[in-house]
Amino acid sequence: GPALLFVKTSQGREEGRRFYACSACRDRKDCNFFQWEDEKVSETRLAAREEYNRNHQPSFTHRQNVDRYKNFVLLPLSKRRFCQECQQLLLPAEWENHSGHQFLCNITTVQLKSPSQLLYPLENKKTNAQYLFADRSCKFLLNLLIDLGFRRVLSVGTPRLHEMIQSKASEKEEFSVRSLLLDIDFRYSQFYTEDEFCHYNMFNHHFFGGEAAHETCRKFLHEENGERVIMVTDPPFGGLVEALASSFKKLMSMWRDTEKEGHDNKEMPMFWIFPYFFESRILDFFPSFSMMDYQVDYDNHALYKHGKTGRRQSPVRIFTNLTPSMIVLPEEEGYRFCTICQRYVSSGNQHCEICNSCTSKDGRRWKHCVLCKKCVKPSWFHCSSCNCCTLEKHSCEKTDVGCFVCGKAGHKRSACPSLSHT
Ligand code: SAH
Ligand code: ZN
Ligand code: ZN
Ligand code: ZN
Ligand code: ZN
């Protein structure tokens, strides 16, 4: 799909020529596409690119994978093999081509219904950054959206949530929630039909399946029989918020356009799961959103999961355009309702009388600084030469690299003044 147009900045100033680079891969090692904005590309180079793309297509199309799956489930257990090296379900005639590869044998129906357990997580940080929800968090999300009355979930980069919904739906007839997965990980096309999975890039809103896939998504978003839709997304944290927001707005307008009356100018309900330090960036693009205190935990992320002994703090939160008071957080996991803020907060999050809000972002009790006129992390102190609160250990000279959060020079992400403004 389309590349993104980038510009190098230094000290907040634009510098040099603008260029196009791959939207999905933030590492040149994963995709080396590069083109100056004003560059003339020769016919030969265009042809070479097309040739390269042709040679890098997946070995089967989604349609072929669906047919293969149908044949696969007809096989007796003893003939159901999964090649771990190729990350592919194998039909008996193909075994020979994979001799020397590691197989998983006797693939059960239960395994086929939990592909996120069968496939290895693509953890390479700069492209897929596949971090799977811990069961606890996944169940919490699903129960929450069921309690809120949603019956359709557009799962954008949330394969584990999708799979939990799909397998419940196939087990219990009375379970009426449906899900459509949009993800760039094409391995999932082996397990889901074209109505259940679309190969999609959330950084440029590109449907690899073309108009037919677009139409699948449009149909899914059309709320028939009062079945309300919510979008849940958990993008790679290194992703550009700007690019993501632009795609999500396009998905929102697809939803809006499914209704002739135009949904009375309402927004498609959404949960955007992202670290708390992106709060101000997300609010820049979606002013109607607010950040919930719930800490989302992951299975394969050493930092973001519940330790055996007590809780490791995950920085990952839910951003939503639903009314905060409706998002009920579990008391048994240490959340309480603040009647003044009208939302659930971490038990450690004390209501500050001066700010008139529960100001903690990380679950710890924050303290109010009268000079900064806001609450700050408990470990910070007010530095009179920097004229703001920051870590005790810091050098007062300004840094010249731009801040990761707001892009401005003069401070690092941890000291970003926009972090706690809402
Ligand atoms: N916690 C989620 C997974 C989040 S990891 C769960 O358990 O369901 C990020 C997901 O986004 C992965 O599934 C990854 O394949 C997908 N992804 C990464 N880059 C993407 C892109 N450019 N477009 C669409 N999906 C992408
Ligand atoms: Zn193989
Ligand atoms: Zn305060
Ligand atoms: Zn201060
Ligand atoms: Zn900043």
Side-chain angles (χ1 to χ4, degrees), residues 1-42 45-46 48-54 56-58 122-131 154 156-158 182-186 198-211 213-214 217 231 233-254 270 272-275 277-278 280-286 289 319 401-409 413 418:
L4 293 182
L5 183 58
F6 289 89
V7 59
K8 282 205 175 102
T9 60
S10 168
Q11 312 258 353
R13 274 186 322 241
E14 289 193 7
E15 254 181 20
R17 280 158 92 186
R18 303 202 287 182
F19 61 93
Y20 291 101
C22 179
S23 62
C25 308
R26 290 169 299 283
D27 192 332
R28 293 283 293 278
K29 280 197 232 92
D30 293 329
C31 173
N32 63 8
F33 181 88
F34 181 92
Q35 188 181 309
W36 294 115
E37 184 185 19
D38 52 7
E39 191 176 339
K40 288 264 172 298
V41 183
S42 69
R45 236 178 98 204
L46 270 181
R49 262 186 208 162
E50 273 163 25
E51 165 82 10
Y52 179 91
N53 286 347
R54 263 196 305 279
H56 287 78
Q57 293 300 310
L122 303 172
E123 288 188 38
N124 58 327
K125 292 214 171 38
K126 296 270 177 73
T127 306
N128 293 75
Q130 213 157 45
Y131 295 109
L154 184 67
V156 183
T158 54
L182 308 186
D183 202 288
I184 204 159
D185 186 352
F186 191 64
C198 298
H199 192 201
Y200 174 78
N201 181 353
M202 62 169 114
F203 290 114
N204 59 5
H205 187 63
H206 180 69
F207 285 86
F208 294 82
E211 187 44 40
H214 245 105
C217 184
M231 171 176 151
T233 183
D234 186 11
F237 304 149
L240 286 168
V241 173
E242 201 170 348
L244 292 168
S246 147
S247 298
F248 299 162
K249 284 184 192 235
K250 286 178 185 149
L251 289 169
M252 280 175 156
S253 71
M254 268 173 96
M270 185 160 134
W272 178 345
I273 296 164
F274 226 49
F277 36 81
F278 285 102
S280 61
R281 291 292 289 151
I282 292 184
L283 297 187
D284 283 346
F285 293 100
F286 293 106
F289 279 38
F319 294 84
V401 270
C403 164
F404 186 56
V405 177
C406 67
K408 294 190 187 109
R413 180 171 86 189
S418 63

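Heavy atoms only: backbone and side chains are in, while hydrogens, waters and symmetry mates are out. If you read the sequence from its start, that first residue is 1, and numbering goes on from there.
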**OP:** Please tell me if the side chains of Ser246 and Phe285 come closer than 4.5 Å, counting only heavy atoms from C-beta onward.
**Re:** no
Subject >> Distance (rounded to the nearest 0.5 Å) between Lys40 NZ and Gln35 CD >> reply: 10.0 Å
Original post:
Closest approach of His214 and Met254, non-hydrogen atoms and distance?
Top reply: O-CE, 3.6 Å
Original post:
Angle class for the His199/Phe208 ring planes (parallel below 30°, perpendicular above 60°, tilted otherwise)?
Top reply: parallel
Subject >> Arg28, CZ atom: more than 12 neighbouring heavy atoms under 6.0 Å >> reply: yes
Original post:
Is there side-chain contact between Ile184 and Met202, with at least one heavy-atom pair below 4.5 Å?
Top reply: no
**OP:** State, to 0.1 Å, how close Phe34 and Arg49 come at their nearest heavy-atom pair, and which atoms those are.
**Re:** O-NH2, 4.1 Å
**OP:** Take the angle between the ring planes of Phe286 and Phe289 and call it parallel below 30°, perpendicular above 60°, tilted in between.
**Re:** parallel
**OP:** Nearest 0.5 Å please: distance from the CZ atom of Phe277 over to the CZ atom of Phe237.
**Re:** 8.0 Å
**OP:** Using a 4.5 Å cut-off on heavy atoms from C-beta on, say whether the side chain of Leu251 contacts that of Leu182.
**Re:** yes
**OP:** Please step through ring pair (Phe, Tyr, Trp, His ring centres under 6.0 Å) for the pair His205 and Phe203, ending with a clear verdict.
**Re:** CA-CA 6 Å; His205 187 63; Phe203 290 114; over 10 Å; no
Subject >> Nearest heavy atoms of Glu39 and Trp36, plus distance in Å >> reply: OE1-N, 2.7 Å
**OP:** Specify the closest pair of heavy atoms between Cys198 and Ala213, including all atoms of both residues, with the distance to one decimal.
**Re:** SG-O, 4.0 Å
**OP:** Would you give the length of the straight line joining atom CG of Asn204 to atom OG of Ser23, rounded to the nearest 0.5 angstrom?
**Re:** 3.5 Å
Subject >> Distance, nearest 0.5 Å, that separates NZ of Lys250 from OG of Ser247 >> reply: 6.0 Å
Original post:
In Å and rounded to the nearest 0.5 Å, what is the CZ to CD1 distance from Phe274 to Ile282?
Top reply: 6.0 Å
**OP:** Report yes if some heavy atom in the side chain of Leu244 is under 4.5 Å from a heavy atom in the side chain of Phe278; otherwise report no.
**Re:** no
Subject >> Exercise: identify the closest heavy-atom pair between Asp183 and Asp185 >> reply: OD1-N, 2.8 Å
Original post:
Quick one: side-chain contact (heavy atoms from CB on, under 4.5 Å) partners of Leu240, sequence neighbours excluded?
Top reply: Leu4, Phe6, Ala243
Subject >> Closest contact, heavy atoms only, Leu154 versus Cys217 >> reply: CD1-SG, 4.3 Å
Original post:
If you measure from CG on Leu5 to CD on Glu37, what distance do you get to the nearest 0.5 Å?
Top reply: 5.0 Å
